[in-house]
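Below you'll find the structure, written out as structure tokens, and then a few comments.
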Amino acid sequence: MLKSLNKKYPFNDNLKINVRSIISVSLGIFLFLLFFQPFNIQNPDFNNQLIILATFGAITLVLLSIFRLVIPSVFSKAFSEERWTIGKEVLIDFLFVVFNSVAFSFFARYVGRIPITFHIVIILVIISITAASVLVVINRIYLLKLQVENLKPNIQDTAEVQSSATPEIEFESENKTDYFKLLPEQIVVIRSASNYIEVHYLEAEVLHKKLIRNTLKSTEETLSAFPEMIRCHRSFIVNKYHIKSLKRDADGLVLSLHHYPSEIHVSRQYALNVKQAVKVT
């Protein structure tokens with residue numbers, strides 16, 4: 001319990017918000033007393049009754065201004081964000097409720113000529129507690145909005161970082177029943193297998209294979225935004241960053257890839273692109 005009371009609690013020192021909240025709460029008390037009339041004022045003159053009811057609101061206005069504006073401005077260090085705690089917030093609200101209830105009781109008894117009974121005292125205390133609670137809620141809502149506004153730049157920065165991160169390559173079957181995603185650097189080679197493609201990729205430095213119904217031509221179009229993916233044969237697309245070597249044999253150019261056990265022959269129509277890719281790599 002004591003640990004909870006010692007936790008830091010943000011104090012709302014925004015003058016504009018505090019003044020607006022205090023005026024709203026005080027006006028609310030006046031309107032509540034005017035429309036619901038929880039006790040009878042021993043004064044036949046309606047105008048005098050209005051003045052008496054308005055004074056209840058004025059008492060709250062003055063006391064809230066003292067506790068929420070005057071004292072914090074005089075003892076600014078004690079009300080700083082570093083020193084203000086839940087316990088201090090509870091204490092200042094408790095003191096307001098006590099002073100406001102006592103002031104209400106004296107005013108009701110000696111000015112409003114209202115008989116002070118236990119029932120009347122309970123009503124006055126409840127009004128004071130409600131006023132303090134409403135102000136706490138208003139301040140809390142304002143502080144939460146402030147926190148949300150402060151978080152917006154961080155959220156935008158995070159979104160920008162995520163958008164600038166390496167996009168994943170999406171593989172989807174022709175009939176839309178199969179789907180998976182891989183990072184470009186994971187993909188080693190994509191091989192045509194009749195009406196399917198075999199995607200050979202790395203995961204934890206181990207070569208895996210996934211089979212999905214699609215054509216190599218359609219896949220090549222999907223990979224057009226990824227220049228590291230190079231068509232080297234009518235049946236193969238390779239990731240240039242996984243090329244181990246490029247050599248020539250009796251049948252032409254042959255590619256060797258890291259992690260992939262078989263050599264891949266390069267078709268003549270793709271030979272120039274493959275040579276340029278190997279030079280850049």
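One-based numbering along the sequence shown.
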Please confirm whether the backbone N or O of [Y] pairs with a side-chain atom of [X], one donor and one acceptor, at under 3.5 Å?
{"X": "D93", "Y": "S133", "result": "no"}
{"X": "T117", "Y": "I120", "result": "yes"}
{"X": "N239", "Y": "P184", "result": "yes"}
{"X": "K275", "Y": "L246", "result": "no"}
{"X": "R231", "Y": "H233", "result": "yes"}
{"X": "S173", "Y": "T177", "result": "yes"}
{"X": "T222", "Y": "S218", "result": "yes"}

State, with a plain yes or no, whether a side-chain heavy atom of [X] is found less than 4.5 Å away from one of [Y].
{"X": "L253", "Y": "V274", "answer": "no"}
{"X": "M229", "Y": "E220", "answer": "no"}
{"X": "R68", "Y": "F11", "answer": "yes"}
{"X": "V134", "Y": "T130", "answer": "yes"}
{"X": "K88", "Y": "Y9", "answer": "no"}
{"X": "T60", "Y": "I127", "answer": "no"}
{"X": "I92", "Y": "F79", "answer": "yes"}
{"X": "V254", "Y": "I264", "answer": "no"}

(Q) Can you tell whether the side chains of K145 and E149 come within less than 4.0 Å, N to carboxylate O? (A)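 Between E149 and K145 there is no salt bridge, as every charged N stays at least 4.0 Å from the carboxylate O atoms.
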Q.
Check this for me, if you would: do K209 and E203 make a salt bridge, where the nitrogen-to-carboxylate-oxygen distance has to be below 4.0 angstrom?
A. no
Provide the closest heavy-atom pair for [X] versus [Y] in the form atom of the first, atom of the second, distance.
{"X": "E168", "Y": "L183", "answer": "CG-CD2, 3.6 Å"}
{"X": "L182", "Y": "F180", "answer": "CD1-CE1, 3.8 Å"}
{"X": "L34", "Y": "L53", "answer": "CA-CD1, 3.8 Å"}
{"X": "V238", "Y": "V189", "answer": "CG1-CG2, 3.8 Å"}
{"X": "S105", "Y": "L124", "answer": "OG-CD1, 3.6 Å"}
{"X": "L143", "Y": "P10", "answer": "CD1-O, 3.4 Å"}

Please report the interatomic distance [atom1]([X]) to [atom2]([Y]), rounded to the nearest 0.5 Å.
{"X": "E221", "Y": "T215", "atom1": "CD", "atom2": "OG1", "result": "7.5 Å"}
{"X": "L61", "Y": "S26", "atom1": "CG", "atom2": "OG", "result": "4.0 Å"}
{"X": "E172", "Y": "I212", "atom1": "CD", "atom2": "CD1", "result": "7.5 Å"}
{"X": "E174", "Y": "Y196", "atom1": "CD", "atom2": "OH", "result": "9.5 Å"}
{"X": "S262", "Y": "L257", "atom1": "OG", "atom2": "CG", "result": "9.5 Å"}
{"X": "I17", "Y": "I22", "atom1": "CD1", "atom2": "CD1", "result": "11.5 Å"}

Q: Would you kindly say whether Y142 and N12 are connected by a side-chain donor-acceptor distance under 3.5 Å?
A: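 Absent: no donor and acceptor within the cut-off.
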**Q.** Derivation and outcome, side-chain contact (heavy atoms from CB on, under 4.5 Å), residues V148 and L144
**A.** CA-CA 6 Å; V148 171; L144 287 173; 5.5 Å; no
Same apolar cluster: [X] and [Y], side chain cutoff 4.5 Å:
{"X": "I59", "Y": "I122", "answer": "no"}
{"X": "L146", "Y": "I138", "answer": "no"}
{"X": "I52", "Y": "L27", "answer": "yes"}
{"X": "I190", "Y": "V206", "answer": "no"}
{"X": "F96", "Y": "V19", "answer": "yes"}

Q. Taking it one step at a time, do Y270 and F236 satisfy ring pair (Phe, Tyr, Trp, His ring centres under 6.0 Å)?
A. CA-CA 11 Å; Y270 302 115; F236 289 95; over 10 Å; no
**Q.** Chi angles and distances behind the side-chain contact (heavy atoms from CB on, under 4.5 Å) call for F171, I187
**A.** CA-CA 12 Å; F171 294 92; I187 300 171; 3.6 Å; yes
Q.
Show, in sequence, the C-alpha distance, side-chain angles and deciding distance for N18 and L64, and conclude whether the side-chain contact (heavy atoms from CB on, under 4.5 Å) test is met.
A. CA-CA 9 Å; N18 278 325; L64 282 177; over 6 Å; no
Q: State whether the number of non-hydrogen atoms from other residues, nucleotides or ligands found under 6.0 Å of Y179 atom OH is greater than 12.
A: yes
**Q.** Residues, nucleotides or ligands: over 12 heavy atoms within 6.0 Å of R140 CZ
**A.**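 Yes, enclosed.
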Q. L207 and L202: side-chain contact (heavy atoms from CB on, under 4.5 Å), yes or no, with the steps?
A. CA-CA 5 Å; L207 191 68; L202 292 175; 4.0 Å; yes
Q: Among H208, H200, H242, find the one that has a ring-ring contact (aromatic ring centres under 6.0 Å, His included) with Y260.
A: H200
